[in-house]
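Only heavy atoms go into these numbers, but all of them, side chains included; no hydrogens, no water, no symmetry mates. Values in this document were obtained by computation on a predicted structure and should not be read as measured data.
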Amino acid sequence: MALVPVAEALERLLDGAAPLAGESVSLLEAVDRVLAEPVAALRTQPPFNASAMDGYAVRAADVASVPSKLQVIGMAPAGRGFDGSVGERQAVRIFTGAPLPEGADTIVIQENVRDLGGRHIEVIEPTAEWRNIRRIGLDFSKGEVLLERGRLLDPAALSLAASANHPRVSVVKRPLVAIIATGDELLPPGSDLGPDQIVSSNAYGVAAVAQSVGARALDLGIAADRKEAIASLVQKAVAAGADVIVTLGGASVGDHDLIHDVLTGEGMTLGFWKIAMRPGKPLMFGRLGAIRCIGLPGNPVASLVCSQLFLKPLLARLGGRNHRQDIRPARLGAAMPANDLRQDYVRAVVREDDGGLVATPFSIQDSSMLRMLADANGLIVRAPFAAASAAGDPCSVLMLR
């Protein structure tokens with residue numbers, strides 16, 4: 001099977017991917033979720049002309065010239081309006097958020113008033129009509145669409161939905177990613193390792209990639225290098241309602257690389273297998289009914305780089321999110337050799353210099369070296385058959401953070 005170019009592989013993987021169905025959740029559960037339906041106001045806000053300050057509700061005509069002596073005829077605290085009407089040379093003590101009494105058309109702030117005692121005040125600063133008043137519907141009106149479908153629910157959006165009297169909203173379901181590691185040599189972190197064993201690390205990074213775009217991660221553990229062991233975990237993923245199954249390792253062509261056989265045996269239709277990139281050549285993709293299956297390489301760096309390039313945009317789309325790779329122009333901080341037929345993603349340290357970015361690749365790029373990936377903040381993207389480059393030559397960098 002010929003190597004599939006990166007761009008074509010991503011196009012095939014995303015083909016037909018659409019946001020999942022909506023579900024109703026409480027506002028407290030909706031943080032960082034994506035709206036599946038628009039949110040329209042169930043009420044007008046403010047629902048009445050409201051005082052924007054603590055002070056006195058008066059007629060503007062009575063305070064156009066000062067000093068002006070007025071009689072205080074009542075009080076309007078927030079949540080309980082004044083029942084009567086403000087007449088000539090009268091005032092009502094009012095507090096922020098309280099309804100404007102009938103007859104009043106302005107608010108004199110309390111700093112501009114002297115208390116004369118005996119329920120009389122003296123206004124010492126003139127106040128124009130409708131000052132310090134929030135007019136009815138200033139923020140929004142009943143029936144008005146406030147938040148569109150696809151909006152990410154940040155703190156301001158959630159507060160707006162609550163203000164519009166919505167206790168719940170319809171949000172796109174969070175994609176469920178079932179993660180299956182494979183390999184007799186693998187044990188979970190904290191294990192007492194034998195001389196031929198290593199720690200299984202890939203699942204944690206892949207889960208973090210999934211969670212970074214709002215998906216849920218279900219770690220199904222480590223399957224031994226036996227078809228029945230892998231098939232058992234695949235079946236658990238299906239039973240759990242996974243939208244995506246991610247396998248780690250076992251997708252190459254060795255005697256113990258069993259993922260392809262197991263998944264096709266479970267009914268997967270193969271989309272592609274092996275892509276023209278480094279690291280990550282053995283990546284596999286297929287569909288098991290409505291479930292998308294991604295077979296990631298076992299090498300830790302290849303697994304995480306492929307997760308950034310393929311899994312992340314897929315999950316973002318299923319979750320209704322906009323996702324765009326952060327690729328920026330830069331200059332090379334060191335020379336690089338000519339490239340072969342595969343697109344390279346080279347770990348690098350990217351820094352600001354003279355108003356631009358300089359990307360310096362690490363001298364060793366072995367796909368087993370996680371520390372180097374953790375130290376990198378970008379990947380230099382090298383096109384297939386790119387010519388040798390010198391320090392200072394232009395390049396493109398995929399930013400990691």
Peer 1: Which pair of heavy atoms, one from Val177 and one from Ala210, lies closest together, and at what distance?
Peer 2: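 Nearest heavy atoms, Val177 then Ala210: CG2-CB, 4.2 Å.
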
Peer 1: Does a donor on one side chain and an acceptor on the other come within less than 3.5 Å for Arg382 and Ser389?
Peer 2: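 Present: a donor and an acceptor within the cut-off.
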
Peer 1: What's the spacing between Ile179 CD1 and Leu233 CG if we round to 0.5 Å?
Peer 2: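 If I round to the nearest 0.5 Å, the distance is 12.5 Å.
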
Peer 1: Should Tyr56 and Ile109 count as side-chain neighbours, where that means a heavy-atom distance under 4.5 Å?
Peer 2: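 In short, these two side chains do not touch, never coming nearer than 4.5 Å.
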
Peer 1: Grab the two heavy atoms, one from Gln325 and one from Gln308, that are nearest each other, plus how far apart they are.
Peer 2: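 Answer, listing the atom of Gln325 first, then Gln308: NE2-O, 4.5 Å.
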
Peer 1: Do the non-hydrogen side-chain atoms of Thr127 and Ile107 ever get within less than 4.5 Å of each other?
Peer 2: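 Not touching, per the 4.5 Å side-chain cut-off.
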
Peer 1: Donor-acceptor pair, Arg321 side chain versus Pro313 backbone, under 3.5 Å?
Peer 2: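 Checked: no pair found.
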
Peer 1: Just wondering, more than 12 heavy atoms not from Asn322 lying within 6.0 Å of its CG?
Peer 2: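 Result for CG/Asn322: open.
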
Peer 1: So, Ser232 versus Gln235: side-chain donor-acceptor pair below 3.5 Å or not?
Peer 2: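 Looking only at side-chain atoms, Gln235 and Ser232 do not form any donor-acceptor pair under 3.5 Å.
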
Peer 1: Does any non-hydrogen side-chain atom of Leu311 lie less than 4.5 Å from one of Arg292?
Peer 2: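 No - every pair of side-chain heavy atoms lies 4.5 Å or more apart.
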
Peer 1: Flag the pair Phe48 / Arg134 as yes when at least one side-chain heavy-atom distance between them is below 4.5 Å, and no otherwise.
Peer 2: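 SC-SC contact between Phe48 and Arg134 ruled out.
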
Peer 1: Are more than 12 heavy atoms, taken from residues, nucleotides or ligands other than Arg131, located less than 6.0 Å from that residue's CZ atom?
Peer 2: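 Counting other residues, nucleotides and ligands, CZ of Arg131 stays at 12 neighbours or fewer.
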
Peer 1: So, Ser141 versus Arg43: side-chain donor-acceptor pair below 3.5 Å or not?
Peer 2: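 Side-chain D/A pair, Ser141 to Arg43: absent.
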
Peer 1: For the pair Phe285 and Phe272, name the ring-plane relationship: parallel under 30°, tilted 30 to 60°, perpendicular over 60°.
Peer 2: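 Tilted: the ring planes of Phe285 and Phe272 meet at 30° to 60°.
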
Peer 1: For Arg89, look at atom CZ and say whether over 12 heavy atoms of other residues, nucleotides or ligands are found less than 6.0 Å away.
Peer 2: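 Counting neighbours around CZ of Arg89, more than 12 heavy atoms of other residues, nucleotides or ligands fall under 6.0 Å, so yes.
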
Peer 1: Take atom CG in Asp83; do more than 12 heavy atoms of anything else shown fall under 6.0 Å from it?
Peer 2: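 Counting neighbours around CG of Asp83, 12 or fewer heavy atoms of other residues, nucleotides or ligands fall under 6.0 Å, so no.
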
Peer 1: Kindly check if the number of other-residue, nucleotide or ligand heavy atoms within 6.0 Å of CD (Glu102) is above 12?
Peer 2: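 For Glu102, atom CD is not crowded (no more than 12 foreign heavy atoms under 6.0 Å).
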
Peer 1: Would Gln365 and Arg278 count as having a side-chain donor-acceptor pair, cut-off 3.5 Å?
Peer 2: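 The criterion, which ignores hydrogens and geometry beyond distance, is not satisfied for Arg278 and Gln365.
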
Peer 1: Salt-bridged, Glu37 to Arg151, with N to O below 4.0 Å?
Peer 2: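 Result for this pair is no, no salt bridge flagged.
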
Peer 1: Quick check for you: to the nearest 0.5 Å, what is the distance between Asp62 atom CG and Gln71 atom CD?
Peer 2: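 Reported value, rounded in 0.5 Å steps: 12.0 Å.
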
Peer 1: When you measure from the side chain of Arg168 to the backbone of Ser24, do you find a donor-acceptor pair of N or O atoms at a distance under 3.5 Å?
Peer 2: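 Between the backbone of Ser24 and the side chain of Arg168 there is a qualifying donor-acceptor contact (under 3.5 Å).
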
Peer 1: Would you say CD of Glu11 has more than 12 non-hydrogen atoms from neighbouring residues, nucleotides or ligands within 6.0 angstrom?
Peer 2: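 Incorrect, the count does not exceed 12.
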
Peer 1: For Arg371, is the CZ atom crowded, meaning more than 12 foreign heavy atoms sit under 6.0 Å from it?
Peer 2: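 Check fails, neighbour count at 12 or below.
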
Peer 1: Compute whether any side-chain donor of one residue and acceptor of the other, for Asp54 and Thr96, lie under 3.5 angstrom apart.
Peer 2: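 A donor-acceptor contact under 3.5 Å links the two side chains.
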
Peer 1: For the CZ atom on Arg12, are there more than 12 heavy atoms of other groups (residues, nucleotides or ligands in this structure) within a distance under 6.0 Å?
Peer 2: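 Yes, CZ of Arg12 has more than 12 neighbouring heavy atoms, counting only those of other groups under 6.0 Å.
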
